[in-house]
Amino acid sequence: QVQLVESGGGLVQAGGSLRLSCAASGRTFSRYVMAWFRQAPGKEREFVADIRWSLGSTSYTDSVKGRFTISRDSAKNTVYLQMNSLKPEDTALYYCAARFSGSSVPSREDPHSFNYWGQGTQVTVSS
């Protein structure tokens, strides 16, 4: 059974940095796409970034390009999201998600394309 456990959230001032971690277990993830989503109060869950585990190729939503970096450590079965130059609008509950890369999905950024989710970790950026 796939388990995703996020950690690393917290309270930080604008301009600061945080690194989120997602510990994955229950599967060999070499053929999976791992992603980070976020959801602010009253808003829909939105795509932040993803990474193809085997190739290491990445994609980002425009609002975080140049500030956030997604990466993975195969030895630790962990995916990271390094977040720099944080802004108050980055405040949200951040979720780790996974899907099989061979699946046909309508959109790589659609939360419904992902089968597995963590419980989320809160990131709060003060101004």
Side-chain angles (χ1 to χ4, degrees):
Q1 183 173 344
V2 173
Q3 273 198 314
L4 304 175
V5 180
E6 303 98 332
S7 61
L11 174 63
V12 64
Q13 287 188 330
S17 299
L18 282 174
R19 188 178 78 158
L20 306 183
S21 299
C22 171
S25 61
R27 195 71 50 97
T28 300
F29 291 93
S30 59
R31 298 183 67 188
Y32 276 71
V33 176
M34 309 297 291
W36 288 95
F37 287 77
R38 64 187 181 186
Q39 189 166 18
K43 294 189 176 181
E44 293 187 352
R45 193 168 298 189
E46 67 167 347
F47 172 84
V48 176
D50 72 8
I51 184 167
R52 286 185 175 269
W53 197 290
S54 58
L55 299 175
S57 54
T58 60
S59 65
Y60 300 88
T61 193
D62 286 345
S63 63
V64 308
K65 285 180 181 176
R67 300 190 298 123
F68 290 11
T69 303
I70 188 171
S71 62
R72 85 281 188 244
D73 183 331
S74 296
K76 296 182 178 180
N77 247 23
T78 299
V79 176
Y80 302 99
L81 186 68
Q82 178 67 44
M83 305 186 296
N84 300 327
S85 302
L86 282 161
K87 304 175 181 180
E89 52 263 43
D90 295 317
T91 295
L93 189 59
Y94 282 71
Y95 294 93
C96 178
R99 65 173 176 86
F100 182 60
S101 62
S103 299
S104 176
V105 297
S107 167
R108 67 190 297 174
E109 300 184 357
D110 187 344
H112 296 97
S113 298
F114 288 80
N115 308 101
Y116 306 103
W117 293 87
Q119 82 288 350
T121 185
Q122 178 67 38
V123 172
T124 303
V125 184
S126 63
S127 57

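Because the structure is predicted, anything quoted here is derived from the model rather than measured.
Hydrophobic clustering of Ile, Leu, Val, Met, Phe, Trp and Tyr side chains at less than 4.5 Å, counting indirect connections, keeps Y80 apart from V64. In the hydrophobic cluster analysis, where Ile, Leu, Val, Met, Phe, Trp and Tyr join through side-chain heavy atoms closer than 4.5 angstrom, F37 is grouped apart from M34. Two different hydrophobic clusters hold V48 and W117 under the rule that ILVMFWY side chains link at heavy-atom gaps under 4.5 Å. Cluster annotation: F47 and V123 are assigned to distinct hydrophobic clusters (Ile/Leu/Val/Met/Phe/Trp/Tyr, side-chain heavy-atom contacts under 4.5 Å, transitive).
Within a 6.0 Å radius of CD in Q3, no more than 12 heavy atoms belonging to other residues, nucleotides or ligands are found.
Residues forming a side chain to side chain contact (heavy atoms under 4.5 Å, CB included) with S17 (at least two apart in sequence, or on another chain): Q82, N84. In this structure, the side chain to side chain contact (heavy atoms under 4.5 Å, CB included) partners of K65, at least two apart in sequence or on a different chain, are Y60, D62. E89 meets the side chain to side chain contact (heavy atoms under 4.5 Å, CB included) test with K87; sequence neighbours excluded.
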Exercise answer: donor-acceptor pairs, residues 91-108 side-chain atoms, under 3.5 Å, sequence neighbours excluded:
{"unit_1": "T91", "atom_1": "OG1", "unit_2": "P88", "atom_2": "O", "d": "2.9"}
{"unit_1": "T91", "atom_1": "OG1", "unit_2": "V125", "atom_2": "N", "d": "2.9"}
{"unit_1": "T91", "atom_1": "OG1", "unit_2": "V125", "atom_2": "O", "d": "3.4"}
{"unit_1": "Y94", "atom_1": "OH", "unit_2": "R38", "atom_2": "NH1", "d": "2.9"}
{"unit_1": "Y94", "atom_1": "OH", "unit_2": "D90", "atom_2": "O", "d": "2.6"}
{"unit_1": "S101", "atom_1": "OG", "unit_2": "R31", "atom_2": "O", "d": "2.8"}
{"unit_1": "S103", "atom_1": "OG", "unit_2": "F100", "atom_2": "O", "d": "3.4"}
{"unit_1": "S107", "atom_1": "OG", "unit_2": "E109", "atom_2": "N", "d": "3.1"}
{"unit_1": "R108", "atom_1": "NE", "unit_2": "D50", "atom_2": "OD2", "d": "3.2"}
{"unit_1": "R108", "atom_1": "NH2", "unit_2": "D50", "atom_2": "OD1", "d": "3.0"}
{"unit_1": "R108", "atom_1": "NH2", "unit_2": "D50", "atom_2": "OD2", "d": "3.3"}
{"unit_1": "R108", "atom_1": "NH2", "unit_2": "S59", "atom_2": "OG", "d": "3.2"}

Just distance, no hydrogens or angles: give the donor-acceptor pairs under 3.5 Å from side chains in residues 20-28, sequence neighbours left out.
{"unit_1": "R27", "atom_1": "NH1", "unit_2": "Y32", "atom_2": "OH", "d": "2.7"}

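Sorted by first then second residue, the side chain to side chain donor-acceptor pair (under 3.5 Å) pairs that include residues 68-79, not counting sequence neighbours, are W53-S74. The disulfide (SG to SG under 2.5 Å) pairs that include a residue from residues 44-75 number zero, where partners must be two or more places apart or lie in different chains. Sequence neighbours left out, not one pair with a member in residues 36-82 passes disulfide (SG to SG under 2.5 Å). Residue pairs satisfying the disulfide (SG to SG under 2.5 Å) criterion with at least one member in residues 25-84, sequence neighbours excluded, are absent.
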Point to revise | side-chain contact (heavy atoms from CB on, under 4.5 Å) between T61 and F68, worked out | key: CA-CA 10 Å; T61 193; F68 290 11; over 6 Å; no
Check your understanding: Passes side-chain contact (heavy atoms from CB on, under 4.5 Å), R45 versus F114? Steps please.
Key -> CA-CA 12 Å; R45 193 168 298 189; F114 288 80; over 6 Å; no
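A donor-acceptor contact shorter than 3.5 Å links the side chain of E6 to the backbone of Q119.
What you find for M83 and L86 is that their closest heavy atoms are CB-CD2, 3.8 Å. Here the shortest heavy-atom pairing between W36 and L81 reads NE1-CB, 3.5 Å.
Between atom OH of residue Y116 and atom CD of residue Q1 there is a gap of 9.0 Å, rounded to the nearest 0.5 Å.
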